[in-house]
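Working notes, structure below.
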Amino acid sequence: MASDTEFAVPASVPSASKPPGPTGPVTRWLLAHRVQPEGPAGGEGRTEGHAWWKVMCLTGVDYFSTLSYLPGIAALAAGALSPLATLLIVGLTLLGVLPMYRRVAAESPSGQGSVAMLEHLLPFWRGKIFVLVLLGFVATSWIITITLSAADASVHVLENPFFPTFLAGHAVALTVGLLLVLGGVFLLGFTEAVVVAIPLVGVFLALNAVVVAVGIVDVLADPGALSDWTDRLSSGSGGLGGVIGPALAAFPLLVLGLSGFETGVSMMPLVAARGRTPEEQLASRIRNTRRLLTTAALIMSVYLVMTSFITTVLIPPAEFEAGGAASGRALAYLAHERVGAGFGTAYDISSVLILWFAGASAMAGLINIVPRYLPGYGMAPEWGRAVRPVVLVFTTISIALTIAFGADVNAQAGAYATGILAMMVSGAVAVTISVARRGRRAAAAGFGVLTLVLLYALIDNVIEKPDGITISLLFILGIVVISLVSRVTRTTELRADRIEFDQTARRFITDSLAHDGQLHVVANRRQAGDRAEYEEKEEAQREVNPVPGRTDILFLEVDVVDPSEFSDVLQVRGVEVDGHRILRTHSPAAPNAIAAILLALRDATGVRPHCHFEWAEGNPLGHLFRYLLLGRGDTPPVVREIIREVEPDPDRRPVIHVGG
């Protein structure tokens with residue numbers, strides 16, 4: 001076997017890059033921390049794992065914080081039937097959604113959830129557009145999580161008698177202030193969220209346990225309250241249909257209590273795993289994440305049933321209406337009324353903190369999953385991998401939505417439910433397809449029913465709260481437009497992280513240099529790939545391009561595979577066909593691959609390669625669209641432009657010859 005010193009080109013050559021632009025201290029600070037291309041998975045090897053119950057607390061700042069407003073929304077939507085509607089949610093959680101996400105955790109252990117599972121179902125551009133649509137719903141869900149949680153935190157501040165009175169009537173300003181503080185936390189650095197989340201969740205659940213215990217005691221001690229509730233049940237029902245109907249009608253809004261499953265899966269890389277091999281560690285992480293999901297679901301189910309019961313029985317219905325004392329804060333109302341103002345204030349403070357930090361959980365999910373996809377697709381600038389610019393963008397969007405909704409919790413519930421339901425529908429579809437492919441018919445049927453139930457809830461929510469789908473469509477439209485514009489503006493990037501040459505390719509290059517000290521490369525779009533094709537191509541190039549008669553020639557061929565992809569490692573292999581030596585590679589775009597290889601040859605050998613092309617026939621605009629969509633078109637001018645942008649010195653650029 002030949003040693004590396006015998007070849008003119010190493011096995012791996014880093015891709016050339018544009019000269020760095022002017023960067024000041026602010027720019028360097030903004031771009032200091034980046035999310036790896038694989039998103040959450042990128043952090044697995046660098047982040048210390050935490051016990052699953054600790055990570056559950058980080059998930060819980062989103063999941064458990066819904067107790068602050070969910071009982072009030074349930075009572076407003078279902079009235080006296082709120083406990084029954086909540087039981088439907090609990091049943092769906094334990095029998096459907098929990099098994100679904102336990103499977104998602106097993107099949108997407110890097111934390112991308114159903115988006116990753118569905119990413120590979122559709123090929124080429126259809127798959128990319130599908131992912132962009134899903135990301136639109138992800139952005140809707142998590143950004144509305146940030147704004148809704150901050151708005152509800154403001155409600156708890158404004159309704160507490162001990163908070164300053166000058167804040168009254170300034171819910172929007174207070175919510176915007178909370179969002180700015182949240183964004184500021186991420187700009188300064190957000191590394192130990194788990195440590196912060198543990199006491200927030202522990203105190204919040206403990207205070208809710210006190211409210212539940214006092215509420216149950218009060219219900220048992222006041223038969224009149226229980227009889228009033230049963231009277232409302234009997235007066236409002238018209239048989240079984242009269243009971244089930246309103247409960248089903250309220251069901252779509254109550255999915256707000258299921259938000260923690262998506263964040264739970266997205267936090268998988270933070271879960272500690274034991275094992276001597278990567279396989280054992282992966283299995284351990286999956287087991288621990290499943291414990292996390294199951295424990296969180298059981299805790300939340302108990303709290304949902306108990307809190308919906310005591311709030312419905314003990315709080316007058318009028319207080320749940322907009323402007324009522326229990327609007328958006330049913331448990332806080334009971335904490336003040338049944339336990340005392342001091343305890344109620346402590347509850348309000350705990351609610352404000354956990355609701356505010358629920359936005360932190362959602363922001364963490366956003367800055368992990370969005371940079372995982374868009375920059376890698378070429379559909380966002382490369383700075384989209386940096387945490388701080390992304391935080392600024394999402395904080396600005398959150399502030400704009402807060403102003404648009406007037407910091408109204410109920411007004412945002414529809415958009416929140418739409419985003420969550422769309423994500424859960426995608427998860428149910430992914431799991432159904434997965435188990436069906438494994439031949440598990442019973443499981444596929446069960447998850448198929450779950451898909452239909454969630455789809456019903458999504459459609460019903462869209463009909464009842466059309467503003468939710470409007471917001472989601474705006475997010476989708478924004479992501480698609482920005483993505484396509486970014487893709488067009490990034491067409492002249494090299495796209496390759498590095499270029500790898502196999503031993504045969506390295507030998508071809510070394511021999512060509514030894515022949516005359518030059519590198520002459522002829523670009524060829526392979527047809528038959530036989531001797532006649534290469535002889536005809538070489539003869540034509542020697543006639544129309546300045547290829548000296550005795551100059552050694554290497555052919556360069558790029559097979560375009562999945563032009564919807566953006567970047568990849570270029571693997572160049574050498575192939576010999578009847579004495580003709582060919583360098584072959586595959587890439588999403590032919591011009592970018594050719595430019596990257598030519599620059600790599602220059603950097604590795606110190607020789608400026610000459611690349612020879614024929615002019616393409618056809619309309620230039622048609623070639624442009626073919627290049628954007630199919631990865632090839634009128635290749636020579638694009639190759640030259642890519643090289644020109646990367647190398648400012650004309651004397652160091654690989655030479656491009658075009659004839660014919």
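- Note that CD1 of Ile656 is 11.0 Å distant from OG1 of Thr635, once rounded to the nearest 0.5 Å.
- At distances below 3.5 Å, not a single donor-acceptor pair connects side-chain atoms of Ser587 with backbone N or O atoms of Ala590.
- Here the CD1-OG distance, from Ile499 to Ser15, works out to 4.5 Å after rounding to the nearest 0.5 Å.
- The main-chain N or O of Gly275 is found under 3.5 Å from a side-chain atom of Gln281 such that the two form a donor-acceptor pair.
- Between Phe475 and Ile143 the shortest side-chain heavy-atom distance falls below 4.5 Å.
- Between Leu570 and Ile597, some side-chain heavy-atom pair lies under the 4.5 Å cut-off.
- One N or O on the side chain of Thr147 and one on the backbone of Ile144 form a donor-acceptor pair closer than 3.5 Å.
- Between the side chains of Thr289 and Arg285, not a single donor N or O lies within less than 3.5 Å of an accepting N or O.
- Minimum heavy-atom separation, Ile553 to Arg581: O-NH2, 4.1 Å.
- In this structure, Phe7 CZ and Arg507 CZ are separated by 7.5 Å, a value rounded to the nearest 0.5 Å.
- Using modelled atom types, no side-chain atom of Ser512 and backbone atom of Phe508 make a donor-acceptor pair closer than 3.5 Å.
- Put simply, the side chain of Ser141 never gets that close to the backbone of Phe137: no donor and acceptor are under 3.5 Å apart.
- We find the OG1-CG distance between Thr418 and Leu458 to be 6.5 Å, quoted to the nearest 0.5 Å.
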Using the rule given for side-chain contact (heavy atoms from CB on, under 4.5 Å), can you reason through Asp502 versus Val572, listing the C-alpha separation, both sets of side-chain angles and the distance that settles it, and then say yes or no?
CA-CA 6 Å; Asp502 72 0; Val572 181; over 6 Å; no
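- Between Ile471 and Leu401 there is a side-chain heavy-atom pair separated by less than 4.5 Å.
- Using a cut-off of 4.0 Å between Lys/Arg side-chain N and Asp/Glu carboxylate O, Glu647 and Arg653 are scored as not salt-bridged.
- Of all non-hydrogen atoms in Pro609 and Leu598, the two that sit nearest each other are CG-O, 3.4 Å.
- Within the 4.5 Å cutoff, the side chain of Leu601 has heavy atoms near those of the Phe501 side chain.
- Side-chain atoms of Met424 and Thr451, non-hydrogen and from C-beta on, never get closer than 4.5 Å to each other.
- The distance from atom CZ of Phe130 to atom CG of Leu132, rounded to the nearest 0.5 Å, is 11.0 Å.
- At least one side-chain heavy atom of Leu366 sits less than 4.5 Å from a side-chain heavy atom of Ile146.
- Across all non-hydrogen atoms, the minimal contact from Val658 to Glu614 is CG1-C, 4.0 Å.
- In this pair, His580 and Phe555 present their aromatic rings perpendicular. The plane angle is above 60°, beyond the 30 to 60° band.
- In this structure, the side chain of Thr140 engages the main chain of Gly136 through a donor-acceptor pair within 3.5 Å.
- Of all heavy-atom pairs between Ile643 and Pro654, the closest is CG2-CD, 3.7 Å.
- With Glu538 contributing its side chain and Glu536 its backbone, the two residues share no donor-acceptor pair below 3.5 Å.
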Hey, mind stepping through Glu107 and Ser434 against side-chain hydrogen bond (donor to acceptor under 3.5 Å, both in side chains) and telling me if it holds?
CA-CA 9 Å; Glu107 299 196 22; Ser434 174; 2.5 Å; yes
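- Going from atom CD1 of Ile594 over to atom OG1 of Thr585 covers 10.5 Å, rounded to the nearest 0.5 Å.
- Ion pairing between Asp559 and Arg526 holds under the 4.0 Å rule for side-chain N and carboxylate O.
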What's the verdict on side-chain contact (heavy atoms from CB on, under 4.5 Å) for Val577 and Ile582, showing C-alpha distance, side-chain angles and the deciding distance?
CA-CA 8 Å; Val577 177; Ile582 305 110; 3.7 Å; yes
Full working for side-chain contact (heavy atoms from CB on, under 4.5 Å) between Leu599 and Leu494:
CA-CA 10 Å; Leu599 289 165; Leu494 287 180; 3.9 Å; yes
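- Side-chain contact between Met100 and Phe261: absent, with no pair of heavy atoms (C-beta onward) separated by less than 4.5 Å.
- Ion pairing of Glu557 with Arg584 is present here, as a side-chain N (NZ or NE/NH1/NH2) and a carboxylate O approach within less than 4.0 Å.
- Listed here is the closest heavy atom pair of Ala523 and Phe613: CB-CE2, 3.4 Å.
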Please evaluate residues Val560 and Arg525 with respect to the criterion side-chain contact (heavy atoms from CB on, under 4.5 Å), reporting the C-alpha separation (whole Å), side-chain torsions for both, the decisive distance (0.1 Å), and the verdict.
CA-CA 10 Å; Val560 175; Arg525 183 175 180 181; over 6 Å; no
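- Listed for the Glu645 side chain is no donor-acceptor partner under 3.5 Å among the backbone atoms of Glu641.
- Counting only distance, with no hydrogens or angles, the side chain of Arg506 and the backbone of Val9 share a donor-acceptor pair below 3.5 Å.
- Side-chain N/O atoms of Asn524 and Glu533 include a donor and acceptor closer than 3.5 Å.
- Atom CZ of Arg602 is surrounded by more than 12 heavy atoms from other residues, nucleotides or ligands within 6.0 Å.
- A heavy-atom distance below 4.5 Å is not found between the side chains of Cys611 and Val655.
- Applying the salt bridge (Lys or Arg N to Asp or Glu O under 4.0 Å) rule to Glu500 yields the partners Arg498; only residues at least two apart in sequence or on another chain are considered.
- Contact between Ala139 and Ile479 at its shortest, heavy atoms only, is CB-CD1, 4.4 Å.
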